[in-house]
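Everything on this sheet refers to the single structure shown next.
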Amino acid sequence: MKNGKVYVTGSAGFIGFHLSKLLLSEGFIVHGYDGITDYYDTNIKKKRNEILSKSSNFSFTEGMLEDYSLLSSDFKKFKPSVVVHLAAQAGVRYSLENPRAYIDSNIIGTFNIMEEAKNQNIKHLLIASTSSVYGANENMPFKENDKADMQMTTYAATKKANESMAHAYSHLHKLPTTMFRFFTVYGPWGRPDMALFKFTKGILNNEPIDIYNNGEMYRDFTYVDDLVKSIRLLINKIPVEGEPIGKIDSLSKVAPFRLLNIGNSKKIKLLDFIEAIESELEKKAIRNFMPMQMGDVSKTFADTSLLKALVDFTPNTEIKKGVALFIKWYKEYYNV
């Protein structure tokens with residue numbers, strides 16, 4: 001699909017910004033939709049939007065997912081062929097403080113997106129889920145057809161609900177839908193509430209950094225450029241009902257629906273991740289070891305064989321390289 005019209009929700013967000021930038025560089029016409037909420041510093045969101053707005057192929061609407069009338073009129077004006085729904089109330093820990101925000105944005109908002117995708121006969125709807133849906137599952141690496149019924153937070157529960165809702169819509173309305181489960185995405189222009197951002201800031205400011213579960217944490221860290229390249233390649237891979245994918249059966253026999261992991265397929269210990277940051281900054285962290293935080297899980301690890309079978313690509317950026325690229329951006333952005 002070349003030079004098509006793609007509607008990206010969450011375009012001023014971390015992943016949405018990088019995806020929109022990639023699509024624009026390939027000649028796509030992109031319309032962004034974002035609430036520019038104050039969950040974290042809005043200046044970074046506005047700056048991302050400013051960069052995208054330099055392209056004549058980019059247009060933007062500021063609005064909330066829950067505002068169905070605005071969303072509906074936006075769809076009708078832009079007439080997209082593809083929708084990539086990335087906007088959500090993010091953050092595992094914030095869901096402990098403000099669960100209602102997750103219901104409003106992630107349940108009602110995603111329902112509104114699916115309604116409009118159905119009404120406008122979208123060729124391909126792609127929706128972000130999360131590795132958090134695997135919850136208390138201890139079988140590693142996580143496979144898409146593993147049972148995932150034990151979510152640990154409201155955030156994860158809303159994302160699991162999105163997967164179920166999307167499958168139902170795909171079945172009922174023959175709406176081609178791809179859902180991806182992201183694994184700990186990091187990189188330049190990242191969210192200030194995420195570990196890499198907080199650790200870098202803390203080390204530079206000589207402030208203690210909180211290390212949960214006394215450092216006995218493992219994450220499948222995925223560099224953002226690898227992630228958005230995967231999404232870009234998946235745009236062209238429109239699911240077909242009951243379609244086998246190589247030696248791997250598609251995950252739905254009754255709907256044009258697909259669910260797949262996007263991760264780096266490497267389990268990195270949190271302390272090794274911190275050491276990579278210290279090495280790049282040439283400065284040691286003041287480590288504040290803490291117990292496991294409520295709702296968190298100790299390990300994530302993706303099986304990405306389905307992604308590989310579909311697009312012949314899997315994320316592969318080494319953690320030291322990815323961390324170095326983030327810190328380079330951080331120092332430039334904050335004039336360190």
| Where do F182 and T222 land on the side-chain contact (heavy atoms from CB on, under 4.5 Å) test, with the steps shown first? | CA-CA 8 Å; F182 297 156; T222 312; over 6 Å; no

Which heavy atom of [X] sits nearest a heavy atom of [Y], and at what distance?
X    : Y    : result
L306 : L259 : CD2-O, 3.4 Å
P256 : K174 : CG-C, 3.8 Å
Q89  : Y94  : NE2-CD2, 3.4 Å
A285 : I203 : CB-CG1, 3.6 Å
H85  : T9   : ND1-OG1, 2.7 Å
A302 : G263 : CB-CA, 4.1 Å

Compute whether any side-chain donor of one residue and acceptor of the other, for [X] and [Y], lie under 3.5 angstrom apart.
X    : Y    : result
N106 : Y155 : no
S265 : T304 : yes
D226 : T317 : yes
D220 : N264 : no

| message | Let's go through R287 and E278 carefully: what are the C-alpha distance in whole Å and the side-chain angles of both, what is the deciding distance for salt bridge (Lys or Arg N to Asp or Glu O under 4.0 Å) to 0.1 Å, and is it a yes or a no? | response | CA-CA 11 Å; R287 302 183 181 200; E278 291 173 328; 3.0 Å; yes

| When the ring planes of Y330 and Y334 are compared, do they come out parallel, tilted or perpendicular, using 30° and 60° as the limits? |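 Taking Y334 first and then Y330, their aromatic rings sit tilted (interplane angle of 30° to 60°).
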
| message | The test is side-chain contact (heavy atoms from CB on, under 4.5 Å); show your working for V323 and F199 and say whether it passes. | response | CA-CA 11 Å; V323 165; F199 290 164; over 6 Å; no

| request: Mind checking side-chain contact (heavy atoms from CB on, under 4.5 Å) for S279 and listing every partner two or more places apart, or none if nothing turns up? | output: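 If we apply the side-chain contact (heavy atoms from CB on, under 4.5 Å) test to S279, skipping adjacent residues, there are no hits.
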
| side-chain contact (heavy atoms from CB on, under 4.5 Å) against P99, all qualifying residues, sequence neighbours excluded |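 With neighbours one apart ignored, the set is T154.
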
| Just checking, K308 and F313: is the charged tip under 6.0 Å from the six-membered ring centre and within 45° of the axis? |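 No.
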
| request: Validate the cation-pi geometry between R191 and F197: distance from NZ or CZ to the six-membered ring centre under 6.0 Å, angle to the ring axis within 45°. | output: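 The answer is no; the distance or angle limit is not met.
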
Any donor-acceptor N/O pair, [X] side chain to [Y] backbone, under 3.5 Å:
X    : Y    : value
H18  : P188 : yes
Y102 : A90  : yes
N112 : L65  : yes
S73  : L70  : yes
Q151 : V133 : yes
T300 : R219 : no
R258 : T178 : no
K5   : F78  : yes
D34  : I36  : yes
S170 : A166 : no

Is [X] linked to [Y] within one hydrophobic cluster, defined over Ile, Leu, Val, Met, Phe, Trp and Tyr using a side-chain heavy-atom separation of less than 4.5 Å?
X    : Y    : result
W189 : L204 : yes
M194 : I211 : no
F183 : M150 : no
I231 : L175 : yes
I277 : I286 : no

When you compare the side chain of [Y] with that of [X], does any pair of heavy atoms fall below 4.5 Å?
X    : Y    : result
H167 : S252 : yes
N162 : I107 : yes
P80  : I122 : yes
S11  : H31  : no
F75  : I113 : yes
V83  : L126 : no
K229 : L233 : yes
I274 : D272 : no

| field | Derivation and outcome, side-chain contact (heavy atoms from CB on, under 4.5 Å), residues L234 and L260 | value | CA-CA 10 Å; L234 286 165; L260 72 165; 3.9 Å; yes

By side chain to side chain donor-acceptor pair (under 3.5 Å), which residues pair with [X], not counting sequence neighbours?
X    : result
E144 : none
K45  : T37
D303 : S305
Y33  : none

| Please, which pairs that meet side-chain hydrogen bond (donor to acceptor under 3.5 Å, both in side chains) have at least one residue in residues 200-209, sequence neighbours excluded? |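 Passing the test, one end in residues 200-209: N206-K283.
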
Only pairs at least two apart or in different chains count here, so list each salt bridge (Lys or Arg N to Asp or Glu O under 4.0 Å) that has a residue in [range].
range            : result
residues 105-117 : E115-K118
residues 320-329 : K328-E332
residues 66-87   : none
residues 145-154 : none

| Could you give all pairs that pass the ring pair (Phe, Tyr, Trp, His ring centres under 6.0 Å) test and reach residues 208-228, with sequence neighbours left out? |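 Non-adjacent pairs meeting ring pair (Phe, Tyr, Trp, His ring centres under 6.0 Å): Y186-Y223, F221-F273.
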
| query | Between OG of S129 and CD of E163, what distance do you get to the nearest 0.5 Å? | reply |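 CD of E163 is found 3.5 Å from OG of S129.
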
| said: Let me confirm one number: the CG-CZ distance from N49 to F58, rounded to the nearest 0.5 Å. | reply: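 Rounded to the nearest 0.5 Å, the CG-CZ separation comes to 5.0 Å.
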
| NZ/K47: more than 12 non-hydrogen atoms of other groups inside 6.0 Å |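 12 or below, so no.
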
| task | Look at atom NZ of K267 and say whether more than 12 heavy atoms of other residues, nucleotides or ligands are closer to it than 6.0 Å. | result |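 Above 12, so yes.
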
| query | Please walk me through it: do I29 and V6 pass side-chain contact (heavy atoms from CB on, under 4.5 Å)? | reply | CA-CA 6 Å; I29 299 167; V6 184; over 6 Å; no

